[in-house]
There are 2 protein chains.
Amino acid sequence: MPSKTINPEDWLAALDESGFRVTTVQEILIDIFAHSEYPLSAEQAWDMARQSRPKTGRATVYRTVEKLENLGLIRRVHGYQGCSHFVPTLPELMMLFICLTCGRTDYLDSQPLENLIQHSEDASGHHITESRLQLFGACVDCQQNA
Amino acid sequence: MPSKTINPEDWLAALDESGFRVTTVQEILIDIFAHSEYPLSAEQAWDMARQSRPKTGRATVYRTVEKLENLGLIRRVHGYQGCSHFVPTLPELMMLFICLTCGRTDYLDSQPLENLIQHSEDASGHHITESRLQLFGACVDCQQNA
DNA sequence: TTCTTATTGATACCATGTATCAATTAGATA
DNA sequence: TATCTAATTGATACATGGTATCAATAAGAA
């Protein structure tokens with residue numbers, strides 16, 4: 001339930017603009033990540049990729065995931081079934097909520113995080129250049145169905 | 001530079017109260033984690049433990065680290081040299097800052113995080129039960145020495 | 001001191017991710 | 001369209017980080 005929609009075309013364009021080739025495997029993987037409601041691991045993405053293209057290699061998937069991460073198109077989720085799952089980078093500064101019941105993700109308004117960082121910089125004197133926030137719990141739907 | 005100090009005695013007491021035995025290896029490891037200024041991995045802790053007790057086994061260290069984590073005495077740091085480093089749990093709700101230059105940790109006032117969670121719950125309708133925040137950058141000292 | 005059992009160390013093992021390298025293919029050029 | 005070149009791929013072997021097993025040890029209650 002991302003608040004903005006993701007356009008796989010843009011990801012392909014980003015690949016191209018960075019001088020990478022647009023290949024079948026990469027198209028498939030981009031489609032998989034861009035449309036998943038849940039954080040995906042490379043292994044899961046591999047399984048899904050082989051459904052539409054059985055001979056897809058494992059190493060290729062790991063390489064592509066790394067490439068997408070380096071391009072900033074997907075981002076690693078920490079603490080949800082380990083630290084090996086990825087979600088699309090929706091806003092640059094992400095306040096990601098993950099439901100521990102259904103596993104679905106929601107991108108919350110990140111203004112509060114921006115404020116928090118600003119405040120903490122002022123209060124501590126440290127210069128904050130990077131942040132990682134993950135929120136877990138029960139989403140609206142799962143609360144009702146409980 | 002934790003804002004509160006850590007008392008290894010308390011950790012040993014926590015072990016004891018949970019029905020675990022207080023052993024030499026565990027005392028050594030507790031001392032190592034409680035006094036480190038930097039996040040430590042199990043592998044690093046193993047190296048340090050063997051300096052004072054050479055025959056210490058690797059599996060034992062991994063098991064002890066897991067035990068300390070389960071007891072809530074140490075907590076995993078995400079995104080600092082992977083996700084395998086641990087720091088003492090100082091406040092229950094942690095706003096941990098890690099300097100990317102010197103690696104030292106600082107526990108910031110976590111009231112802003114409490115507010116953020118409260119605000120996000122109200123705004124999204126999700127019930128937030130768990131959070132993970134990590135801040136990175138340049139600490140006060142490293143900014144001056146730059 | 002004895003006894004029971006949690007804990008330990010050595011080892012083998014497993015899972016996740018990475019390096020290698022010949023074969024393939026995107027896409028630029030003719 | 002055919003040709004060419006290097007990025008990409010798939011298969012495999014490998015490395016790393018962590019776990020299961022099991023006999024030997026030691027904590028701490030009796």
Side-chain angles (χ1 to χ4, degrees), chain A residues 9 11-33 39-71 73-74 76-86, chain B residues 9 11-33 39-71 73-74 76-86:
Chain A
E9 302 296 318
W11 293 23
L12 292 172
L15 265 188
D16 189 47
E17 277 160 28
S18 302
F20 295 112
R21 290 181 181 170
V22 174
T23 68
T24 310
V25 189
Q26 287 177 342
E27 279 187 60
I28 289 174
L29 285 168
I30 281 177
D31 218 60
I32 287 171
F33 276 104
L40 293 178
S41 66
E43 215 69 22
Q44 290 173 321
W46 185 38
D47 287 341
M48 297 172 76
R50 276 181 299 174
Q51 284 173 19
S52 52
R53 191 164 169 283
K55 65 176 174 175
T56 305
R58 205 168 80 103
T60 303
V61 173
Y62 275 90
R63 281 184 290 234
T64 303
V65 166
E66 191 189 12
K67 190 182 289 180
L68 296 178
E69 189 187 14
N70 287 340
L71 288 172
L73 298 172
I74 61 177
R76 194 177 292 270
V77 166
H78 294 269
Y80 175 72
Q81 302 182 356
C83 301
S84 323
H85 288 60
F86 295 83
Chain B
E9 302 296 319
W11 294 22
L12 293 171
L15 265 188
D16 190 47
E17 278 159 29
S18 302
F20 294 113
R21 290 182 183 170
V22 174
T23 69
T24 311
V25 189
Q26 288 177 341
E27 278 187 61
I28 289 174
L29 285 169
I30 282 177
D31 217 61
I32 288 171
F33 277 104
L40 293 179
S41 66
E43 213 69 20
Q44 289 173 322
W46 184 37
D47 287 341
M48 296 171 75
R50 275 180 300 173
Q51 285 174 21
S52 53
R53 190 163 169 284
K55 65 173 174 175
T56 305
R58 204 167 81 103
T60 302
V61 174
Y62 275 90
R63 280 185 290 235
T64 304
V65 166
E66 191 188 12
K67 189 181 289 180
L68 295 178
E69 190 188 13
N70 288 340
L71 288 172
L73 298 172
I74 60 176
R76 195 178 289 270
V77 167
H78 294 269
Y80 175 71
Q81 302 182 356
C83 300
S84 323
H85 288 60
F86 295 83

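To find a chain, count down the sequence lines: A is the first, B the second, and so on, and within it residues start at 1.
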No-H, no-angle donor-acceptor pair, A:R63 side chain to C:dG17 base, under 3.5 Å: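 Check fails, no donor-acceptor contact within cut-off.
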Pairwise salt bridge (Lys or Arg N to Asp or Glu O under 4.0 Å) hits with a residue in residues 48-61 of chain B, at least two apart: B:E43-B:R58, B:D47-B:R50
Distance below 4.0 Å between [X] side-chain N/O and [N] OP1 or OP2:
| X | N | result |
| --- | --- | --- |
| A:S84 | C:dG17 | yes |
| A:Y62 | C:dG17 | yes |
| A:T60 | D:dG10 | yes |
| A:K67 | D:dT8 | yes |

Closest non-hydrogen atom pair between B:G79 and B:C83, with its separation: N-SG, 3.8 Å
Minimal non-hydrogen separation, A:V61 against A:L29, with atom names: CA-CD1, 4.0 Å
Residues touching DNA chain C, which here means a heavy atom under 4.0 Å, drawn from residues 39-54 of chain A: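 Here the set is empty: none.
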Sequence-distant partners of A:E69, side-chain contact (heavy atoms from CB on, under 4.5 Å), two or more places apart: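 Partners of A:E69 under the side-chain contact (heavy atoms from CB on, under 4.5 Å) test: A:I74, A:R76, A:F86.
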Helix axis bend for the helix from C:dT1-D:dA30 to C:dA30-D:dT1 - C1'-based end axes, five pairs, 10° rounding: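 One end's axis against the other's: 40°.
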Sidechain-backbone polar pair: B:W46 side chain, B:Y62 backbone, donor-acceptor under 3.5 Å: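 No, the answer is negative, given that no donor and acceptor are paired below the 3.5 Å cut-off.
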Under 3.5 Å: donor-acceptor pair, side chain of B:W11, backbone of B:D31: no
Partner residues of B:T60 under the side chain to side chain donor-acceptor pair (under 3.5 Å) criterion, sequence neighbours left out: B:R63
Any residue meeting side chain to side chain donor-acceptor pair (under 3.5 Å) with B:E27, in chain and number order, not counting sequence neighbours: none
Contacts of type ring-ring contact (aromatic ring centres under 6.0 Å, His included), residue A:Y80, not counting sequence neighbours: A:H85
Nearest-Å distance for atom pair CG/P, residues B:N70 and C:dT7: 13 Å
Please list, for nucleotides 27-30 of chain D, all pairs of protein and nucleotide N/O atoms separated by less than 3.5 Å.
from, atom 1, to, atom 2, distance (Å)
D:dA27, N3, B:R21, NH1, 3.2
D:dA27, N3, B:R21, NH2, 3.4
D:dG28, OP1, B:V22, N, 2.9

Let me check something: any side-chain donor-acceptor pairs from residues 15-24 of chain B under 3.5 Å, sequence neighbours excluded? List them with distances.
from, atom 1, to, atom 2, distance (Å)
B:S18, OG, B:A14, O, 3.0
B:T23, OG1, B:Q26, N, 3.3

Nucleotide nearest B:K55 when distance is taken to its side chain, options D:dT9, C:dG9, C:dG17: C:dG9
Filtered N/O pairs between nucleotides 11-15 of chain C and protein, under 3.5 Å:
none

